[in-house]
Protein chains: 2
Amino acid sequence: MSHMGYRCLMAVDRDHVLRSAAALLTRKSTATMDEVAKAAGISRATLHRQFAGRDALVRALESLGIAECEAALDAARLDEGTASDAVRRLVGAIEPAAGLLAFLYTENQLFEGEEQNAGWALIDERISAVFRRGQLDGEFRIDLTPAWLTEALYGLLASGAWLVQSGKGAPKDFPHMIVELLLGGALRREET
Amino acid sequence: MSHMGYRCLMAVDRDHVLRSAAALLTRKSTATMDEVAKAAGISRATLHRQFAGRDALVRALESLGIAECEAALDAARLDEGTASDAVRRLVGAIEPAAGLLAFLYTENQLFEGEEQNAGWALIDERISAVFRRGQLDGEFRIDLTPAWLTEALYGLLASGAWLVQSGKGAPKDFPHMIVELLLGGALRREET
DNA sequence: CCCATGTGAGACATCAATGTCTCACTCTGG
DNA sequence: CCAGAGTGAGACATTGATGTCTCACATGGG
């Protein structure tokens, strides 16, 4: 019976499958279940045993993305120090998940009707909060809404991930590019 | 024979079909040919007579997007005045096409291997040029590459389009949100 | 050693979208 | 009025992905 916990044998490392799928779908969002299975080094049958179908897989990826976002939010300690530094820490912490985020970001565009995972609302709120704090502290300008800044952060993360993906940008510049543009914009600062 | 030009009769307004398709695919990028046809108010048969298949339709939309981008670039007169003003004019001019651009932007992510329309390279170059000019004029900072600023502009246009789409932002704020973030960033400016 | 569990490989039915075709209808121009 | 072009509706085959199933194999535990 082995009620001593599930993984009596290999259990094929569900986490590894998820990460492989994320890496593949980041590059080719229309990849087949067959391709996903091959990318993970398992057969389609086994993939199907773990995730009832493509929907289940995407939902699992969504949960993974949410978990990574929340981990990044925790690690960034958004309520400490200046809002700028908090945003810098956030982008640095969320960078490894940017590819997955980009996939989920575009994927969610066609979920319009259906209710989407409530986890995103919490994440949106936590990110919006740091921008709002920056505004209250007089650090950020007030003519750009926190909602827009949050959405823009998502967009820039996706753009950055794709730029790196296509080889037109270096991964090491990733956080700097995004943070500097998001916070400082393209204009030169006389001060500083 | 009517060799006096094509549209002897109705010709069903190919342009109208394209715009309907653009509007629909912007919201639901996986829409069926059937849905596209219904959205345009024509039958699937007629849609098929005009565009050999889904590929042909997407290519036509790509051409439309390129044409609108080029029109916007022309209208923005990027080589006149300050680079900042040029970018402002560009965003204002390109805004009506933002939804279509967002669709094509994500669509092109999965064309990775295949050669993509060379028109985009020209557009990339023209946009990059205005950022480069801003840098040479000492107006823009030089630690953000023109390639990244261009990519970021695309990303922000898509984010803005989706924000408006989801009702979380007002269409009238669209150009302001994007331009101000792209140029000035989130930080308050002591100067100005 | 042998059994049980989990796996890979592949056959198979299903389903949705696509592409093609036919046919009847409706216009417009002559 | 009539001929022809264009359209809508629908039937049909095709294709590709999906989901389900069976069976043989291997690997680890008792």
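Every chain is numbered from 1, with letters handed out A, B, ... down the list of sequences.
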Residue met sooner reading DNA chain D from 5', once A/Met33 and A/Ala45 are mapped to nucleotides:
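Nearest nucleotide further toward 5': that of A/Met33.
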On the side chain of A/Arg49, is there an atom forming a donor-acceptor pair with the base of C/dG8 - under 3.5 Å, no angle test?
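A donor-acceptor contact between them is present.
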Return the value, rounded to whole Å, for the distance between atom [atom1] of [X] and atom [atom2] of [N].
X       : N      : atom1 : atom2 : value
B/Asp55 : C/dA17 : CG    : P     : 16 Å
B/Ile42 : C/dC25 : CD1   : C1'   : 18 Å
B/Asp34 : D/dG8  : CG    : P     : 12 Å
A/Gln50 : D/dT18 : CD    : P     : 17 Å
B/Leu47 : D/dA9  : CG    : P     : 13 Å
B/Leu57 : C/dG19 : CG    : P     : 10 Å
B/His48 : C/dT22 : NE2   : C1'   : 16 Å
A/Phe51 : D/dA17 : CZ    : P     : 20 Å

Are A/Ser43 and C/dT7 close enough that a side-chain N or O sits under 4.0 Å from OP1 or OP2?
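No, A/Ser43 has no side-chain N/O under 4.0 Å of OP1/OP2 on C/dT7.
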Considering just the side-chain nitrogens and oxygens of A/Thr46, establish if one lies under 4.0 Å of OP1 or OP2 belonging to C/dT7.
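For A/Thr46, the contact criterion (side-chain N or O under 4.0 Å from OP1 or OP2 of C/dT7) is not met.
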Ignoring the backbone of A/Arg44, work out which of C/dG19, C/dA9, D/dT18 is nearest its side chain.
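Between C/dG19, C/dA9, D/dT18, the one nearest the side chain of A/Arg44 would be D/dT18.
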Looking only at atom types and distance, does a side-chain atom of A/Arg89 sit under 3.5 Å from a main-chain N or O of A/Arg77, one as donor and one as acceptor?
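Between the backbone of A/Arg77 and the side chain of A/Arg89 there is a qualifying donor-acceptor contact (under 3.5 Å).
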Taking atom types as modelled, find out whether A/Ser128 and A/Thr150 have a side-chain donor-acceptor pair closer than 3.5 angstrom.
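A/Ser128 vs A/Thr150: donor-acceptor pair found between side chains.
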Taking atom types as modelled, is there a side-chain donor on A/Glu139 or A/Ser84 under 3.5 Å from an acceptor on the other?
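Yes, a side-chain donor-acceptor pair sits under 3.5 Å.
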Is A/Leu136 atom CG crowded by more than 12 heavy atoms from other residues, nucleotides or ligands, each under 6.0 Å away?
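Counting neighbours around CG of A/Leu136, more than 12 heavy atoms of other residues, nucleotides or ligands fall under 6.0 Å, so yes.
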